[in-house]
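What follows is a single structure, written as structure tokens, with notes after it.
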Amino acid sequence: MTDVRIAGVGLTKFGSHPERTGRDLFAEAALAAREDAGVSRDDYEEIFYGNFMGELAEKQGHQGPVMAEAAGLDCPATRYEQACASAGVAFRQAVATIRSGAADVVLAGGMERMNNLGTAEVTQSLAIAADELFEVRAGVTFPGAYALMARAYFDAFGGDSEDLAHIAVKNHANAMQNDYAQFHREITVEDALESPVVADPLTLYDACPITDGASAVVLVSDDYAERHGLEAPVTVTGSGQGGDKAALQDRPHLARTPAATKAADAAYADAGIAPDDVDVAEVHDCFTIAEVLALESLGLYDHGEGVGTAARGETTRDGDLPVNLSGGLKAKGHPVGATGTAQIVEMTKLLRGDHGNSDAVPDARVGVTHNAGGTVASAVVHVLEVDR
């Protein structure tokens, strides 16, 4: 089985781009990744692409060949849809393809365009990632679902809204050094606590924004990198995926996300590491409570211990385990179908030393990314390691 190296990465600025098309956004990210990689256009063998709501937002299905053309490549392209984990699943398939020996060079990425719709339309469109029969028809939206998970967590383990506010403050502060982030505005705990309630106990600053954007990653086999003299110091050493029941009422515990635990266990075993080996993490914080659940599912904290980490300074920029140095979904933004590979882009740059926050982790060798779909009915975890 061959090693898989990351040869190049690309992002668009995350934010509101209602005037741009999805293919325009993906072209920007893909071309940036191609330029960063320096791989010949003729050597690309496949594209693995994530997108969730293109049929609703742009009335465009069959996006694979559309995005291949946008990326300037003439090769087979496959779209993956797994709600907010779409690009993470696409990336996992790209890794598996190279490991199998079926290809030496692939492009993995994702895109979502949402701000051309109104807020109500976006909310309705995102809701289809929940169980339509048992949740959507009852009026469940994701702010409401994650509010239920937050309540369940507080009841089971303790913690409160102020603990969650510290997570929002941390991630907004991290985004200040990320040129691609949607928000460049620091907030205080008081700002977060006093912002409008979205779904009790979650307020506006507990929630990620509506975001347009795209991301792309060029993956190559270790042999290809060596033969072509590519500078590709970051290797994908672990990959794992887990699943759970889609509807919350079918789960035994609302304050745990076993799909992510399964994905993490598989990724760690694949990489031959343990949670204690992780130096830095990018996790799926679509809501602040989701960061807490992610930290515990990744085995970085025991159940019930993740909620106070930001308040204690453990996961901040200067903490022992910096989390979401990109700003996370909370402040970097969350273009749903692009998020999984956006996390890979951010982690690659952090480990290579060319990210705005790389100085916070100058000696980091092992990074983990955690990408979730819906209320974590789907989860994908990857381990990235850098040559030092």
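Computed from heavy atoms alone, side chains included, the values below leave out hydrogens, waters and symmetry copies.
Proximity of a side-chain donor or acceptor of Asn371 to a complementary backbone N or O of His284 within less than 3.5 Å is not detected. Distance alone, capped at 3.5 Å, is enough to place a donor-acceptor pair between the Gln182 side chain and the Ile210 backbone. Judged by distance alone, the side chain of Asp285 and the main-chain N or O of Lys330 form a donor-acceptor pair under 3.5 Å. Judged purely by atom type and a 3.5 angstrom limit, Asn324 uses its side chain to pair as donor or acceptor with the backbone of Val283. Ser86 places no side-chain N or O within 3.5 Å of a backbone atom of Gly337 that could act as its donor or acceptor partner. Between the side chain of Asp163 and the backbone N or O of Ala311, no donor-acceptor pair lies under 3.5 Å. With hydrogens and angles disregarded, no donor-acceptor distance shorter than 3.5 Å links the side chain of Arg365 to the backbone of Glu385. Checking side-chain atoms of Asp222 against main-chain N and O of Val4 turns up no donor-acceptor pair under 3.5 Å. No donor-acceptor distance shorter than 3.5 angstrom exists from the side chain of Glu45 to the backbone of Val106, with no hydrogens or angles considered. Although no hydrogens or angles enter the test, the distance criterion places no donor-acceptor pair under 3.5 Å between the side chain of Gln63 and the main chain of Arg79.
Atom CD of Gln124 is surrounded by 12 or fewer heavy atoms from other residues, nucleotides or ligands within 6.0 Å. Taking a 6.0 Å sphere around CZ of Arg34, one finds it holds more than 12 heavy atoms contributed by other residues, nucleotides or ligands. Within a 6.0 Å radius of CD in Gln249, other residues, nucleotides and ligands contribute more than 12 heavy atoms. More than 12 heavy atoms of other residues, nucleotides or ligands sit less than 6.0 Å from atom NZ of Lys262. Heavy atoms from other residues, nucleotides or ligands lying under 6.0 Å from CD of Glu132 number more than 12. Around OH of Tyr180, the count of heavy atoms belonging to other residues, nucleotides or ligands within 6.0 Å does not exceed 12. More than 12 heavy atoms of other residues, nucleotides or ligands sit less than 6.0 Å from atom CG of Asp359.
His172 and Tyr205 have perpendicular rings, their planes meeting at more than 60° on a 0 to 90° scale where under 30° would count as parallel. Note: His382 and Phe91 have perpendicular aromatic rings, judged against thresholds of 30 and 60 degrees for the angle between ring planes.
Leu202 and Pro143 make their closest contact through CD1-O, 3.9 Å (heavy atoms, listed as atom of the first residue, atom of the second, distance). Considering every non-hydrogen atom in both Arg23 and Ala70, the closest pair reads O-CB, 3.5 Å. Among all heavy-atom pairs drawn from Glu112 and Phe52, the shortest one is OE1-N, 2.9 Å. The two atoms that bring Thr375 and Ala246 nearest to each other are OG1-O, 3.8 Å, heavy atoms only. Scanning both residues, Ala90 and Gly50, for their nearest heavy atoms gives CB-N, 4.0 Å. Shortest non-hydrogen contact noted between Met111 and Tyr49 is CE-OH, 3.3 Å.
Counting heavy atoms from C-beta on, the side chains of Ile6 and Val236 come closer than 4.5 Å. With a 4.5 Å cut-off on side-chain heavy atoms, Tyr301 and Thr315 count as touching. With contacts defined as side-chain heavy-atom distances shorter than 4.5 Å, the pair Val189/His166 qualifies. The side-chain heavy atoms of Asn171 and Glu291, taken from C-beta on, include a pair separated by under 4.5 Å. Contact of the Met347 side chain with the Val383 side chain is not registered, since no non-hydrogen atoms from C-beta on lie closer than 4.5 Å. The shortest side-chain heavy-atom distance between Tyr268 and Val278 falls under the 4.5 Å cut-off. Between Val361 and Asp279, the closest side-chain pair of non-hydrogen atoms is not below 4.5 Å. Taking the side chain as every heavy atom from C-beta outward, Leu164 and Ile289 approach each other to under 4.5 Å.
Ile167 and Val323 are not part of a single hydrophobic cluster, where members link through side-chain heavy atoms under 4.5 Å apart. The cluster map of Ile, Leu, Val, Met, Phe, Trp and Tyr, joined by side-chain heavy atoms under 4.5 Å apart, puts Leu204 and Val169 in different clusters. Cluster membership for Val380 and Val9, using ILVMFWY side-chain heavy atoms within less than 4.5 angstrom, is shared. Both Val366 and Leu321 are assigned to one and the same hydrophobic cluster, defined by single-linkage of ILVMFWY side chains at heavy-atom distances under 4.5 Å. Residues Val234 and Val381 do not share a hydrophobic cluster, defined by chaining ILVMFWY side chains whose heavy atoms lie under 4.5 Å apart.
Distance CD/Gln343 to CG/Leu329: 6.0 Å, rounded to 0.5 Å. Between the SG atom in Cys208 and the CZ atom in Phe183 there is a gap of 9.0 Å [rounded to 0.5 Å]. The structure places CG of Asp131 at 7.0 Å from CG of Asp250, a figure rounded to the nearest 0.5 Å. The CG atom of Leu56 sits 8.0 Å away from atom CG of Leu117, with the distance rounded to the nearest 0.5 Å. Rounded to the nearest 0.5 Å, atoms CD (Glu19) and CG (Asn115) are 9.5 Å apart. Note that OG1 of Thr203 is 11.0 Å distant from CZ of Phe287, once rounded to the nearest 0.5 Å.
For His334 and Thr339, the side-chain atoms include at least one donor-acceptor pair closer than 3.5 Å. Checking Ser326 against Glu282 by side-chain atom types alone, a donor-acceptor pair falls below 3.5 Å. Between the side chains of Thr235 and Arg5, a donor-acceptor pair is found at a separation under 3.5 Å. No side-chain donor from either of Gln60 and Asn51 sits under 3.5 Å from a side-chain acceptor of the other. Side-chain N/O atoms of Tyr146 and Asp206 include no donor and acceptor closer than 3.5 Å. For the residue pair Thr12/Arg20, the side-chain donor-acceptor check at 3.5 Å is not satisfied. Defined by atom type and a distance below 3.5 Å, a donor-acceptor pair is present between the side-chain atoms of Ser297 and Thr257.
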message: side-chain contact (heavy atoms from CB on, under 4.5 Å), that's the test. Do Glu346 and Leu325 meet it? Break it down for me.
response: CA-CA 8 Å; Glu346 301 283 2; Leu325 284 171; over 6 Å; no
Step-by-step side-chain contact (heavy atoms from CB on, under 4.5 Å) determination, Val376 to Leu293: CA-CA 10 Å; Val376 202; Leu293 299 174; 5.8 Å; no
task: Using the side-chain contact (heavy atoms from CB on, under 4.5 Å) rule, take Glu55 and Glu81 through it: C-alpha gap first, then chi angles, then the decisive distance, then the call.
output: CA-CA 11 Å; Glu55 289 88 349; Glu81 186 279 300; over 6 Å; no
- request: Tell me, with the steps shown, if Asn357 and Arg317 meet side-chain contact (heavy atoms from CB on, under 4.5 Å).
  value: CA-CA 8 Å; Asn357 277 320; Arg317 190 180 189 281; 3.0 Å; yes
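A salt bridge between Arg151 and Asp200 is present, with a side-chain N of the basic residue lying under 4.0 Å from a carboxylate O of the acidic one. A salt bridge does not link Asp36 to Lys349: none of the charged side-chain nitrogens sits closer than 4.0 Å to a carboxylate oxygen.
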